[in-house]
Structure formats: C-alpha cells, structure tokens
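Chain naming here is simple, since letters A, B, ... match the order of the sequence lines and numbering starts at 1 in each.
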Amino acid sequence: MGEYSKEEIKNIEEKWRREWQKRDVYKVLNESTKPKYYVLDMFPYPSGAGLHVGHPLGYIASDIVARFKRVKGFNVLHPMGFDAFGLPAEQYALEHGIHPAVSTADNINNFKRQLGKIGFCYDWSREVQTCDPTYYKWTQWIFLQIFDSWFNRKKEKAERIFELVKIFESEGNTNHTFPNSKYTISGKEIFSANDWKSFDEKIKQAILMQYRLAYLAYTDVNWCEALGTVLANDEVINGVSYRGGFPVVKKQMRQWSLRITEYAERLLKGLDEIDFSESMKDIQRNWIGKSVGARIDFHLTPALPAGRPGPSRGENASLTPSPSPGERGRETSDKKFWPYLKDFAKENRQNPTEEETILWEELRNSKLGHKIRRQHTIGVFIADFVCLDKRLVIEVDGGYHIANKEFDQARTEFLRIEGFHVIRFTNEEVKNDLKKVLHKIKESLDKSPSIKESGVNSSPSPTEMGPGDEVLTVFTTRPDTIFGVDFMVIAPEHELVKKITSPRQKEEIEKYLKYVESRSEIDRMAEVKKITGCFTGAYAINPFNERKIPVWISEYVLAGYGTGAIMAVPCGDERDYKFAKHFSIPITNIIGNHYNGEEANPTKEAILENSDFLNGIVMHEAIDIVAQKLEEKGIGNRQVNYKMRDAGWSRQRYWGEPFPVVYKDDVPYAMEESELPLELPPSNNFKPSGNGEGPLANLKDWINFAPDAKPAYRTGRRDSNTMPTHAGAAWYFLRYMDPHNTKAFADPKALDYWNQVDVYIGGSEHAVAHLLYARLWTKVLHDLGYIKFDEPFKKLINQGKITGDSRFVYRAFVTWTAWGDETPPKIHPSIFVSKGMVDKLESSEKFSEDWSNTVGVINSQLKVMNENYRKSGKLTGGEYQVSFEDFSPLHVDVSKVDGLELDTEAFKKWKPDFANAEFILEEGKYICGSAIEKMSKSYFNVVNPDQIINDYGADTLRMYEMFLGPLEQSKPWNTSGIDGVFKFLRRIWNLAHDATSNLKISEAEPTREELKVLHNLIRKVEQDINNFSFNTSVSAFMICANELSSLKCNKRAILEPLIICLSPFAPHIAEELWEKLGHKTSILEASYPAFNEEYLKENDFEYPISINGKVRAKMNFALDMPKDDIEKLVMASEIVMKWTEGKAPKKVIVVPGRIVNVVL
RNA sequence: GCCCGGGUGGUGGAAUUGGUAGACACGCAGGACUUAAAAUCCUGUGGCCCUUAAAGGCUGUACGGGUUCAAUUCCCGUCCCGGGUACCA
C-alpha cells in the first residue's frame, strides 16, 4: 500500500534510515578507482540548546552536493564531527556543577540524534571530536611542529628550528634578523656566530623564542579583574565584559602566540587561488590590512639647551624635576614588559622585607658616592638594589615576594649577560653583620668598571647621549607628501617621549600622559574622534629641506602599528588636518587648488607644489621617486606593514587542549611525541586560579611536574593555560581523511588522495579567525613537508543565517469600574488588543477621528465582553475598561500563530496566565505584531527541525529549506510555504501510483514531449547544483512534476531518471520509489542520467514582436528563418501595420531566437 | 567614517552575454467535490484605466538622471537596509 500520507512518510523514512545504516551505504574508503570529491561542513559546537532549523541549512546543501557527486560517479568524502572544546560547556559547569565532559557528551548525542533524522549521508565512522584525547594528541603534536619552526623570510616558508640554529652557529643572525624589529639582545639587533656560541642555554632559548612560529611572549590581553580571567576580543563589548558587564583593561601577560604575521603575505596571495566569495576575501584582506609605503628616519634637534643632558638622573636633580622613582626603571626595563613590571616594582617597594628596609636605610645614609636604586626593573626582572653607573646589582635572598630559587638563578644569568655584576646576601648576613655587607658593596662598587669602560653592549642611556643623536622613524604610505609635513606625532607610549621632551614641556607632557593612562577603553571608544595631544618641545628635521618640524604626542597615533610615529600632512590627511586646526599649526599646501583650506584632500592625482625637486610631478609617481631617494640617502626604505597581529593562543580555561610543554627555568620545552597526548587532568575546579593563571594551576600535583624519566629538563612546571577552540578546528578536515590513525595525524597516502576540501560550507562568522588559522596550519604543515597542498579549502560557500520571525501580542492595561456598590469580580481578564488597533491608537492624535473610531470599535467589543460576563454570572455589575495608551508587547510562541493571525484558543492554553485572555479583534481576527530577530528560546521564535520532520518528514524539510531562497542569503524562517513543497513530493509519489494508491508503472516508450520535460530537468538540476542555486532547482522539480502530472506520465523511462535527479534532495522518497521500481541496490549506486540536448531542440520559436521596445504581439517563425524573411512577415502583420500606420519604420532589429523590435 | 553586499507583487523569491519582468511557491478570491468541514482538484491574481464581452491602453524592478533599438541587468548621483572594520598613518 502506498499513500504518501504524513503517517506513511514516517514509516518510509524510518525504514530507510535503518536500512542505510544496516547496509552501511555511507561508508567511504580511501582507495577507489573513482575520482575523489571532498564535501565538508563546518563542524558544529554542540550547544545545549540542540539543533534549530538554522543549523541544517548548510548541511542540507552539502548533503545534496555529496549525494549528487556520488551519483555522478565520484568517491565522496562527506564527514561530520564536533568542535567540542569551548567556553559554554565550562560556563555551564560553573553554573550547574556538571562536568564539561558530561554535558558535552550529552549534547553531542542529542545533535547526532537530530542530525540522524534528516537523512544526511555522513560516514559516521570518521567522526571526530576535538575533546577526544586520541584527537587532541595530534592537535598538540601539530602545535609542537609549529613550535619547532621558524619562518625563513628569504625562502618565504617555515623551516625547522635546528636549521636556524645551524645558521646562527655559522653566521649569527645577520641574514635573519629578529622578526620583531624592536627586539634586541643587549641592545643590539645583530649577533655574530661567536656571540651565539658565547650565549648560554637560557639566552639561546630566549633568542630562538623570538623566531618560533608558536612562541611565548608578554602580550596585551583583555584582563577582567572581576572575572579573574582573560577574555577574547569577542567577549569584550564596548570595553566591558560580555558576561556581567565588568570593566576590562589591557594587561600584559605571558602567553602563547602564533606568529601568523609572518604568513601575512602568503595568506593574502593565497586568496587569489581559492574560490571564496569576494566579500569573504575582502574581509580577510581587510583583516590582514596590508599597506605599502616607506620608513623614513628624521633626526631630532636637541630639545634642550646645548650641552645639557636629558632629564635628570639624580646628579642634576636640582636642575629639573626628578622623575618619580617608579618611572626610572623604564630606562633599563624591557619596554614591552614595563607596564606589567612597574606595578610589581611599586608593590615591592611598598612592601619591603625587614632586611631590605635595613639595607636600604644604610645604603641611603652611607656616602657611597653612587646612586643606588631600589626595586628597579631590568629587562623582565626586578632587582632589589641597583647602581646603574656601576652596573651593580645587590640582591637580598629570601624576600617573600620572590617566588622560587630557579627564578632567582635565571635572573642572575640574564643580568650577567646584560653586563651587570650581581652580589648576593642572605637575610641573615644583612641582619647580623650589616657592616660586612656594606663593606662588600663598597668594594664591589670600586672594583666595577663604569659602564663606558666596560665595553658591555647596552643601549646608550640619555646621560651618555649627545643632543641630536635621536632618530625618529615613521612609517608612511605617502612618502610623496614629504614636503607637506607640518608636524610629527608619536604615540604616548613611544620610547622617545621621555628622551626628547624639553624641560619646558615636561610638565605638560606628564599631565597628558597621565590623562592618556586614565582613559579606559570605554572612554576611548566613546570619543574616538576627540582631538587631544601635547607638544614635546622637540623638533624633527625634514631630511630633504632641513625644515624644523615640531614633534607632538597624541592618542590617535597607536604604539602598536608601524613605528608608533607618523609624519603629519594636514593638507592631505583628515586626522592630521583636524589636529593642525585644533592646535593652530600652520598648514603647508603642496597640492595647489586640490586643497581648499577647509578640509584635507587625500588625492594621489594632484600635481605637487611647494615640494622642491618634486614640483610638477603627479603624486602617485612621486611616491616611488621619494622612496628611491630615501634608500640612496640611507635614511629610509620601502616598507610593507600589516594590521594583522599575531594570534593569541592561550586561554585561562580548563576545557581545552593543554599545552604539551614543560617549563624549566621559565623556558618551555616540547614534550616528546611518545608522551602525547598530554591529557587534560580530571578536575572539578574550573575557576581561574588568580594572577592570570588558568584553572589548571589549581591542580598542584599536575602543574608541578616531576617525572623520574630521562631528560632532566623535563622536571618542571606545566602550562596552566589551554589552547583556544580554534586549535582543534584548525586541522580537523585533515583528520577525517584517516581518523583512527595512531601513528600520525593522518597517513600521507590518505592526505594525498583526498587532498584539498573541494567544497566547504559554513557561516560567514568564521571569516577571519577559523579560516585564517586553518589556512595557517595548512601552510605550516605544507612547508614542513607533511601535506602537498598549502590551501585547505578550494571553494567556500557561506550559507546565510536563518533568522526567527517573532510574533507579539499587545496586552492592554485593564481596570474595573463599579457602577454602584457591586463586589469586585473574581476574574481578572488579560485583554489583548489586535495589532492594527494598537498602531492606530499609537500613531494618531488623541481624539482625532481615527483615534475616536478605534476607541469606538474597542469599546463596542468590550461591551459585548462585559455583557457576556454578566450573563454567565462572572460579573454582577460594573464593567471592565482598558487604557488606550499603554500596551505591553509580549512575545508569543510562533507555533500559536498562523501567519499573523493568533490562534486564540491555543494561546489561552499556552500559559495559565492567559487562560482568561480576552481579545479585541479587527475584522474578526487577532492580528499579531512581528519582528525578525535571531532565533532564541526567550523570544519563542525557535523552530526545531524535529517538529517539522514529525509533521512533514525529512524530505520536505530538506527541500523546503532549500526552496526558501538563495543559500547564501539570510532569511527569516517561515513555515507558511511548506505545504507547497509537501504537495510537490506527494505529486511525485502519485506519478507512480494510481488513484487508489497502488503502484502503477508503465513500460511504454516515452513521448518526445515527456522526454523534453525530463531532459530540461536533468540539465537544470545539474547546472543549479554546480552553482549552489538549490532554490531554483527545487522549482525546476516542481515544474517538471506539474507537467508530468498533466501529461499523466507514469512511464518507467521517465520516472527512473527523475527520481535519481531527486535523490540528492529527497533521499527517502527517492529510495522508496527506487525500490518499488524493482531495484535491489540503493539509489546511491545509480548513475545520474545523461543529458541529451536532442530532446530540447525546437524547430520554431514564438517571437515577441515589440514596437519601440514594448511587446505588442507574438509570432511563430522557424528558428532557421533568415532575418529578412522574419522582418518582412512582421512588417506585414496586422498588429504591426496598426502601429506603423503604413509608414516605414526607422529600424527593425531581429535577434534570432530572441526578439523582434520595430522602431518607429 | 571607510570597505563590501543588497533594495523586484500581499509574502518567499525567478529572470543566460542587456532581449517577453514577476518563473515556482505561499497567501488571497472564485469554482468543483462534500450534509458540512478538512483534504484534493480547477480558474484567476503587480497596480491603474477602459469594456456587456472579446480585446485594448497606461504604468511598473528603492529614488533622480544617462547610455541603448531594447535596462531589474551597464554608467553617474541620492536614499534606505544588511555585513565587515574602526584613529592602521
């Protein structure tokens, strides 16, 4: 029996889900004679809310492609898995006490149950879960490969660290300077092979860390004190935390980062080879933010009277105000770590140990002849006492703020390299024999060479520097405007600020720096365009015309981009212009009448004026001329900058991959492959452990790692952080190729065979993070020789979001007025007023005609209601009234609404509150308000696919989701059209069945007309699938079904090919019909029918005959009729004669097979 | 602000290199079947005008211009919506 009824569908679909599983039809092998095709979905994060109708949109599309490619004869890889590490599970654990592993497993099961019902052809034997140790073993392994790599800029590819060591041993770093140009070792950017050999292990490791593609560094993070954790950028909204709205500050923390900036150019170039939408590429290009320009050095004139050194170093304390003690460390401190260190130093100064206090008092009072500083930062360390002139460090052991011995040792080593001599005293020595201690210090001071003689490489301090030695380097994309530079602006954090500020400006500058520091991220964001700044008192010299240019500092110049300094050209740059106007800086016009004096003009097309040797040259040509000159003079060079920053890779979280490293002396060492995976230790404490450490630091036994095993360095401490979710997602597409391999992340043969993902379908919200990281990991693995391709995804399709279509009801404010002394009624009805009337009342003037009419309508319905209440005894007298002003819109469950009309009975049953609801109707209906919002439980607009499948079956759901509109477009979910799709499937079914629902197939030869209908479909569906235009192929199916229905065609020769075409879209019904047609094997084994153009050939064509471009008639001509003949016949026709009124036309255009146009 | 993408009936949306605007579906209206309803089937359906009817006319793809025999499609300007980005020199 076979009626395609809603009951029967369930049986059919369940039957086939069972059969497919039983027959294992979706199993994919890595060996095949067929060509391969790899269709991939972005795997979901298994949230607790389960699947809603938005999720399957992309999955259905990819499933159609996969099934289509399969019937086209490809060996198709179409896997599914779960991005199972992540924050929500951890938050859920904190709130509900359920372990992330448990809730994640539950959620995955629920997702799989829901996905299973939709009939996807996933090979579940290849499923991956990123939280599975057998999976993240390889995530960790790949991380270690990245850690063990550096980017060889000469070859533009990653190489192993040992190759770099070899280079250092033979030639130092002359040819491979530090990737971060601001980094120096003992003040120098370059070290020789001999230098390298003289460095000890710790220094070598510190240097290598500067090159590694996965590296540890102090980086800015979003620190939320209230939550005790670091937040990702997308967890910070307008300067406060996404959860809780707590303030977030930038803080420096030692974190893992991936040196993705080294790949900026390749990531950019790679975009040209892959088939992503232009908008997606634009987003990535924007993110990478390449700008081409030049670096230019400007010498600074002395800001101070000649011969006078910079800001006081104590000796000159009487001359200029001394910097606060806390600021001094800045000079010797590692700049990057300074903000972080200075707080520690300050804290230490405020909480000295007893011994420190004793010693400090003595050092201050005894005339040592040298300035001693307390809690001074050097590099990344803080020394107890320092004499900078003599490069002497005095340490008192056992200070309670010093964490451990190893740390002290590491510091000593570092200080030695930096040219400091360290002497060390124990607490006891200080306490018991202070005299001896002082003597020793004096001795050491006398012995120590002063810095100038020592020959130690260190950056010259301001005291030593002659005036005018300073160089200010800027980055500009417009070197052509060099003669239009009216001022320079440097970032407030710029290292030169302290050095160049003139005594006269000192106070102003310090005031400004305080202001900048006081400004939170929220302030800055709120007032981005606010113009602030301060003159330093220093001047730069324009290298081409020796002009003196004032140097300012301002917030609008960012320390982190370029050199943190700009040359300002107010006639050509909007911000520079505003700044100049605000501070009344005279503006030089170098672009003639392109500049109108009222706003900047950033043109590149102007002819330069006031520009010395550039006069008369078009700007865009001058760019290169200046760059050339700069290079000749050795004061600059062409340079490229990128906006993109390195990717922060540490999270203070539990539910993620632990970093497979062990720290010894603060240096991370890779674990060995045999020791992987480093499993996430069981824990129920997910709270951050404070100090910016991750929750894993709570597990003392785990974090302090002391194995008995071989290499000694493996005794140490583990990393308390975990990797971000991006880690697992950065390579999962490779694991699907060979998911159970225990020897490698995937077998090279499998990697070669499946190669790139042919089509990748997912949301555009992953445009930057996920897609860039996946591309990066692929490139690194490619460079290291593990895979042969260096772009993971050949083609990307972004499905649009499905938004929810919310419905509202409007509750009126209800009052009861007594007529006499009736007792108040027992019931309190909620009265809901229909949308149209609410709109009228709200939009029209009170007591206007419209308003009064509406009130009248409402009152008449209230009157009926009141009468009914009285009749039924609910009301003894008096009456209910409503306010005509206040209506509160309430979200109503979309399932209680048909289109916009509320099902009032269902609504009353929905919630007890509404049991006594009354409705003020318009034209007998209650019309709801509507809004398109994201799907959310709290808006009652979530549509669950289970519900649709239950009502209509999976095939209808699949086709309907495709029918909604173009895949890439966002669209609101609305079930109103779903009946049409269901009816279509039933029509297909009925083609093979008679009126009494019995199978009836004709074996007769098809007619030419039937074949034409079929082959139109074959061609259209194939084209549409290739174009990802599924909505149009669904309508092609509908047209085909309608036409075959009216032809009453039930011929096997037509229906068999038809259902093969249909099978990717509606696999269950197709498989059922296929079986009914007598096939024993799955329709997946069938072949897509061959298209034959012969059947579509027409002999003649009905030409639209237009007159002056407007169609007035139609005439049938043979397609091979010559133009002239057509023209003659058209001109002779009655209708055309009517329009021409016998006159000759100006022109007649005949487009064969298209149109005829007569121009009068 | 800047960079993308988009704007077509009551609704979702079709429309090859410029060549019959509104395919397909929903909704709506009318009809058939039915005691009735549901379901199903049939017909009509951008707006306006004219006509008893047949037919016909005008107008119409956000708005204003332009190119062309012909524009939803190409060009210029304006408005609105969605996405990305945010002082990136």
Side-chain angles (χ1 to χ4, degrees), chain A residues 5 277-287 289-291 293 474-478 481 489 491 524-525 527-531 554-558 560-569 572-576 578-579 602 641-645 764-765 767-768 798 800-801 803 898-900 932 960 963-966 968-981 983-984 986-987 990 1023 1029 1031-1042 1045 1102-1114 1135 1138 1145-1151 1153-1160:
Chain A
S5 68
S277 70
E278 270 313 304
S279 72
M280 192 61 40
K281 289 182 179 182
D282 273 334
I283 291 172
Q284 293 211 356
R285 285 189 192 112
N286 261 320
W287 184 264
K290 179 178 182 173
S291 44
V474 303
F475 172 73
T476 179
T477 54
R478 299 296 302 275
T481 61
V489 190
R524 270 177 52 85
M525 280 184 200
E527 313 175 308
V528 155
K529 297 286 172 216
K530 193 173 169 186
I531 299 163
S554 173
E555 293 188 89
Y556 86 88
V557 173
L558 306 175
Y561 182 77
T563 61
I566 61 159
M567 53 178 234
V569 182
D573 182 281
E574 197 52 42
R575 292 155 312 175
D576 297 348
K578 287 191 174 141
F579 193 88
N641 264 317
Y642 300 92
K643 265 199 276 190
M644 183 168 63
R645 295 288 117 90
S764 57
E765 65 272 22
V768 280
N798 294 115
K801 282 191 198 66
T803 46
D898 181 12
L900 287 176
I932 303 297
Y960 183 59
F963 189 54
L964 276 176
E968 309 202 24
Q969 193 172 301
S970 280
K971 53 228 152 190
W973 178 258
N974 177 348
T975 48
S976 64
I978 200 164
D979 271 319
V981 173
K983 281 192 245 175
F984 149 74
R986 190 171 52 196
R987 190 169 293 179
N990 289 341
Q1023 274 175 0
S1029 174
N1031 55 328
T1032 51
S1033 45
V1034 175
S1035 51
F1037 278 116
M1038 288 174 168
I1039 293 166
C1040 172
N1042 290 346
S1045 291
E1102 191 179 47
Y1103 282 86
I1105 311 299
S1106 57
I1107 292 165
N1108 285 339
K1110 289 205 166 59
V1111 177
R1112 301 291 177 185
K1114 286 182 182 169
I1135 294 164
K1138 190 183 107 188
K1146 266 193 197 148
K1147 207 184 211 180
V1148 178
I1149 289 135
V1150 179
V1151 186
R1154 285 238 191 262
I1155 201 167
V1156 178
N1157 194 9
V1158 180
V1159 186
L1160 298 178

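- Taking the P atom of each, B:rG77 and B:rG5 are spaced 15 Å apart, rounded to whole Å.
- Residues satisfying the side-chain hydrogen bond (donor to acceptor under 3.5 Å, both in side chains) criterion with A:Ser1106, sequence neighbours excluded, are A:Asn1157.
- Taking only side-chain nitrogens and oxygens, A:Lys983 comes nearer than 4.0 Å to OP1 or OP2 of B:rC26.
- On the P atoms, B:rG66 is 15 Å away from B:rU72, given to the nearest whole Å.
- Not counting sequence neighbours, the partners of A:Lys290 by the salt bridge (Lys or Arg N to Asp or Glu O under 4.0 Å) test are A:Glu265.
- In terms of modelled atom types and a separation under 3.5 Å, the side chain of A:Ser277 and the main chain of A:Met280 share a donor-acceptor contact.
- A:Ile566 has its side chain out of reach of A:Asp573: every pair of non-hydrogen atoms, C-beta onward, lies at least 4.5 Å apart.
- Comparing the same atom, C1', in B:rU73 and in B:rA21 gives a spacing of 11 Å after rounding to whole Å.
- With sequence neighbours left out, the side-chain hydrogen bond (donor to acceptor under 3.5 Å, both in side chains) criterion links A:Arg478 to A:Asp480.
- B:rU61 sits 11 Å from B:rG46 when the C1' atoms are compared, rounded to a whole Å.
- Listed pair A:Arg986 / B:rU40 meets the phosphate criterion, a side-chain N or O lying under 4.0 Å from OP1 or OP2.
- Atom P of nucleotide B:rU85 and atom CD of A:Gln284 are separated by 12 Å, given to the nearest angstrom.
- Contacts of A:Tyr1103 classified as ring pair (Phe, Tyr, Trp, His ring centres under 6.0 Å), with partners at least two apart in sequence or in another chain: A:Phe1101, A:Phe1117.
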Under the criterion side chain to side chain contact (heavy atoms under 4.5 Å, CB included), I'd like the reasoning laid out for A:Val569 against A:Thr476: C-alpha separation, chi angles, the key distance, then a yes or no.
CA-CA 10 Å; A:Val569 182; A:Thr476 179; over 6 Å; no
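- For A:Lys290 and A:Ile283, each mapped to the nucleotide of RNA chain B holding its nearest heavy atom, the one lying further toward the 5' end belongs to A:Ile283.
- Taking atom CD on A:Glu574 and atom C1' on B:rA86, their separation rounds to 16 Å, with Å as the unit.
- Within the 4.0 angstrom heavy-atom criterion, only backbone atoms of the sugar-phosphate kind lie near A:Ile1039; the bases stay farther away.
- Nucleotides B:rU8 and B:rG22, compared at atom C1', are 8 Å apart to the nearest Å.
- With both ends at atom P, the span from B:rU45 to B:rG10 equals 15 Å, rounded to whole Å.
- In terms of the side-chain hydrogen bond (donor to acceptor under 3.5 Å, both in side chains) criterion, residue partners of A:Ser291 (sequence neighbours excluded) are, by chain and number, A:Tyr561.
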Nucleotides 67-71 of chain B: which of its N/O atoms have a protein N/O under 3.5 Å away?
unit_1: B:rC69; atom_1: OP1; unit_2: A:Lys1147; atom_2: NZ; d: 3.4
unit_1: B:rC69; atom_1: O2'; unit_2: A:Asn1157; atom_2: ND2; d: 3.1
unit_1: B:rC69; atom_1: O2; unit_2: A:Asn1157; atom_2: ND2; d: 2.8

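- Under the rule for a ring pair (Phe, Tyr, Trp, His ring centres under 6.0 Å), the partners of A:Tyr960 that lie at least two apart in sequence or sit in another chain are A:Trp973.
- Two residues, A:Asn286 and A:Gly289, neighbour RNA chain B, and the one matched to the more 5' nucleotide by heavy-atom proximity is A:Asn286.
- B:rA23 and B:rG12: their C1' atoms are spaced 13 Å apart (whole Å).
- The 12-atom threshold is exceeded at NZ of A:Lys281, counting heavy atoms of other residues, nucleotides or ligands nearer than 6.0 Å.
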Structure string for RNA chain B in dot-bracket form, Watson-Crick and G-U at under 3.5 Å, | interchain:
(((((((..(((......[....)))((((((.......))))))((((......))))..(((((..]....))))))))))))....
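- Scanning for side-chain hydrogen bond (donor to acceptor under 3.5 Å, both in side chains) contacts around A:Asp979 gives A:Tyr952, with sequence neighbours left out.
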Given the rule in the side chain to side chain contact (heavy atoms under 4.5 Å, CB included) test, do A:Thr481 and A:Met567 qualify, once you have shown the distances and angles that lead to the verdict?
CA-CA 9 Å; A:Thr481 61; A:Met567 53 178 234; 3.6 Å; yes
Verdict with reasoning, A:Arg285 to A:Glu278, per side chain to side chain contact (heavy atoms under 4.5 Å, CB included)
CA-CA 10 Å; A:Arg285 285 189 192 112; A:Glu278 270 313 304; 3.6 Å; yes
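- Within 90° of 0 lies the glycosidic angle of B:rG9, which makes this nucleotide syn.
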Review item, nucleotides 59-61 of chain B N/O atoms under 3.5 Å of protein N/O:
none

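- When rounded to the nearest whole Å, the span between CZ of A:Phe984 and P of B:rU40 equals 16 Å.
- For the pair A:Asn974/A:Pro972, no side-chain contact is recorded, criterion being any heavy-atom separation below 4.5 Å from C-beta on.
- Comparing the same atom, C1', in B:rG84 and in B:rC76 gives a spacing of 26 Å after rounding to whole Å.
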For nucleotides 4-18 of chain B, read 5' to 3', which letter fits each nucleotide if B means a protein heavy atom sits under 4.0 Å from the base, S means only the sugar-phosphate is that close, and - means neither?
S-------BSS--B-
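- Contacts of A:Val557 with the nucleic acid, taken as non-hydrogen atoms under 4.0 Å apart, include base atoms.
- The CG-C1' distance, from A:Asp979 to B:rA38, rounds to 12 Å in whole Å.
- In this view, A:Tyr556 and A:Phe579 satisfy the ring pair (Phe, Tyr, Trp, His ring centres under 6.0 Å) rule, not counting sequence neighbours.
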